[in-house]
Amino acid sequence: MDKNVITGSEALLRTLIAEGVDTIFGYPGGQVIPLYDCLYDYSDRLKHILARHEQGATHAAQGYARVSGKTGVVLVTSGPGATNTITGIADAMMDSTPIVVISGQVPSPLLGSDAFQEIDVIGIAQPITKWAYQIRKPEEIAWAVSRAFYIASTGRPGPVVIDFAKDAQIGLVDYVYEKVSRIRSYQPVPEADAEQIKTAARLINEAEKPFALVGQGVILGGAEKELLAFLEKADIPAAATMLGLSAMPSDYRLNKGMLGMHGNVGPNRKTNDCDVLIAIGMRFDDRVTGNLQAYARQAKIIHFDIDLSEIGKNVPVDVSVWGDAKETLPAVTRLLNPATHTEWTGSFAADEQEEYEKVVEKEIHPEGNRPLQMGEVVRKVSDAAESDAILVTDVGQNQMMAVRYFRYNHTRSVVTSGGLGTMGFGLPAAIGAKEGAPDRIVCLFTGDGGLQMTLQELGTIMQEKLDIKIIVLNNNYLGMVRQWQELFFDKRYSATTMANPDFAAIARAYGIRSRKVAKREELDEAIAEMFNSSGAFMLVAEVETHGMVYPMVPAGAAITHIIMGKS
């Protein structure tokens with residue numbers, strides 16, 4: 001037999017390798033056994049990470065993609081295997097994360113017959129993917145899989161689903177690989193409009209109080225250096241969305257912090273004080289803007305984005321710079337006049353000082369006999385890691401405290417669920433982050449609620465012997481919901497109290513070293529033990545049960561309506 005005549009399963013694996021894939025996150029099952037059987041012979045070229053749940057596999061692929069810049073790959077079976085990936089696919093779509101999910105499917109003659117574990121994966125996935133396609137013939141494999149990677153990784157990245165019928169997996173094909181690098185009607189990187197570039201530069205040159213909002217698009221486009229050159233030349237203060245945080249080092253002089261509901265006071269206030277607002281690779285999410293009727297009404301707005309559908313979607317703009325930030329930022333920078341805005345940039349200091357006195361100092365240096373605070377645990381871990389670690393979070397108060405008080409020196413250092421806010425994201429995402437950046441420290445901050453949604457992934461950490469530092473901020477509540485109940489629902493704590501197991505004991509059952517700490521005087525020693533331990537470690541910090549994340553902009557309020565503590 002011709003050596004190029006191979007099974008569909010082998011054709012898929014060869015195509016994955018040709019596309020640069022080295023790691024797969026997955027879970028086998030009946031309708032994907034032929035693929036897994038073939039994978040047995042490719043184990044020297046394709047590393048397979050056995051998740052404990054298909055949702056965990058998708059979040060792990062997300063974490064891998066976010067820190068490595070590559071496309072994450074997921075391999076699962078049909079029916080519940082495929083439907084269990086939906087949350088991760090939706091999360092990847094909301095946060096522009098490139099993953100390719102390959103699901104097994106019943107043989108094509110059985111499609112539509114309600115066969116065992118048959119499900120309409122394409123129908124389910126289409127609204128939450130960039131592309132979804134069902135392979136029924138082995139001749140389609142090389143084309144469809146290469147196309148999937150091209151779509152997932154180009155333009156505004158996102159998830160793609162390939163549904164792979166079992167007869168196509170075992171059928172024979174004369175395999176020829178041709179990389180897809182162009183699709184008619186799909187323009188992933190639009191050509192920038194020279195006039196819009198000029199208009200943007202003119203507005204910035206005329207500005208007295210320019211302010212830049214930095215989103216994850218800068219990181220996805222690899223435009224971090226271009227961003228700093230842009231900010232430096234025109235002396236523009238900047239703040240980041242949660243997903244854009246590590247685009248600038250934490251201690252960079254023009255970095256004024258984080259935007260949004262639990263962001264820093266200065267950036268939120270200055271949004272409604274600047275004269276030119278420059279949004280770069282961000283989508284004006286409601287958690288960043290608050291009440292749109294009271295958002296930056298005084299400013300001329302310039303929006304840099306690769307996705308035309310985002311420009312003007314939520315906030316009307318004066319200038320749209322459509323294109324790749326790595327190209328459009330330098331084009332504008334070349335036309336900027338060197339400038340200094342000393343008074344404007346310095347005006348953030350008063351807000352920073354007020355926030356420090358009313359919020360930060362109380363959180364990281366609590367007085368008296370107050371229980372451990374979430375923020376102080378985060379800051380001490382960050383200091384011990386010397387700001388070089390990758391921060392992974394779950395969702396809730398632990399997430400907001402972690403992104404507020406962790407520090408970053410390098411790009412691609414924040415892995416968190418932004419748009420979808422998926423509890424349970426953190427633990428599997430940390431697995432993917434460690435696989436994607438094995439030489440970097442990975443610190444996961446999770447709450448007692450989110451941890452228990454994907455707790456089984458401790459088994460993956462055990463099996464793969466992954467060195468992940470897990471910090472559980474345990475307040476025995478669904479903390480963020482409880483915070484809203486306290487502030488806006490008259491302290492009616494409905495279904496938010498958590499009766500929790502001994503997390504440290506569970507970690508030990510998985511062969512993971514652990515320690516529980518409740519006393520402030522033991523915290524430094526416990527953190528040192530964690531970092532001095534080889535392999536995974538779980539530090540369970542028993543924090544204040546009624547801790548609050550401040551500052552806070554109430555949902556639907558103006559971005560300048562900032563609560564900084566209990567009245």
So with a 6.0 Å cut-off around [atom1] of [X], is the heavy-atom count from everything else above 12?
{"X": "Y40", "atom1": "OH", "answer": "no"}
{"X": "Y27", "atom1": "OH", "answer": "no"}
{"X": "K225", "atom1": "NZ", "answer": "no"}
{"X": "K313", "atom1": "NZ", "answer": "yes"}

May I ask you to say whether [X] pairs ionically with [Y], meaning some side-chain N is under 4.0 Å from a carboxylate O?
{"X": "R156", "Y": "D305", "result": "no"}
{"X": "R14", "Y": "E10", "result": "yes"}
{"X": "D467", "Y": "K465", "result": "no"}

Might you work through the side-chain contact (heavy atoms from CB on, under 4.5 Å) test for M538 and L458, ending with a clear yes or no?
-> CA-CA 10 Å; M538 179 183 285; L458 291 174; 4.3 Å; yes
Ignoring hydrogens and geometry beyond distance, is a side-chain donor-acceptor pair present between [X] and [Y] at under 3.5 Å?
{"X": "E19", "Y": "S146", "answer": "yes"}
{"X": "D91", "Y": "S417", "answer": "yes"}
{"X": "Q483", "Y": "Y477", "answer": "no"}

Measure from the ring center of H48 to the ring center of F25 and say whether it is less than 6.0 Å.
-> no
Check whether the ring centres of F284 and H303 lie less than 6.0 Å apart, and answer yes or no.
-> yes
Hey, does [Y] have a side-chain heavy atom less than 4.5 Å from the side chain of [X]?
{"X": "P107", "Y": "Q31", "answer": "yes"}
{"X": "M552", "Y": "M400", "answer": "no"}
{"X": "Q105", "Y": "F164", "answer": "no"}

side-chain contact (heavy atoms from CB on, under 4.5 Å) between L427 and T446, worked out = CA-CA 8 Å; L427 189 58; T446 183; over 6 Å; no
Do any pairs count as a side chain to side chain donor-acceptor pair (under 3.5 Å) and have a residue in residues 76-89, sequence neighbours left out, and if so which ones?
-> E54-N84
Residues at least two apart in sequence or cross-chain that pass ring pair (Phe, Tyr, Trp, His ring centres under 6.0 Å) with Y150, listed by chain then number, are Y186
Y175 and Y177 aromatic ring geometry - parallel, tilted or perpendicular at 30°/60° bounds | parallel
Shortest non-hydrogen separation from R66 to T416 and the atoms involved = NH2-O, 2.6 Å
Let me see the working for D95 and T97 under side-chain hydrogen bond (donor to acceptor under 3.5 Å, both in side chains), right down to the final yes or no.
-> CA-CA 6 Å; D95 286 351; T97 305; 5.5 Å; no
Derivation of the side-chain contact (heavy atoms from CB on, under 4.5 Å) call for L13 and L46 | CA-CA 8 Å; L13 297 182; L46 290 169; 3.9 Å; yes
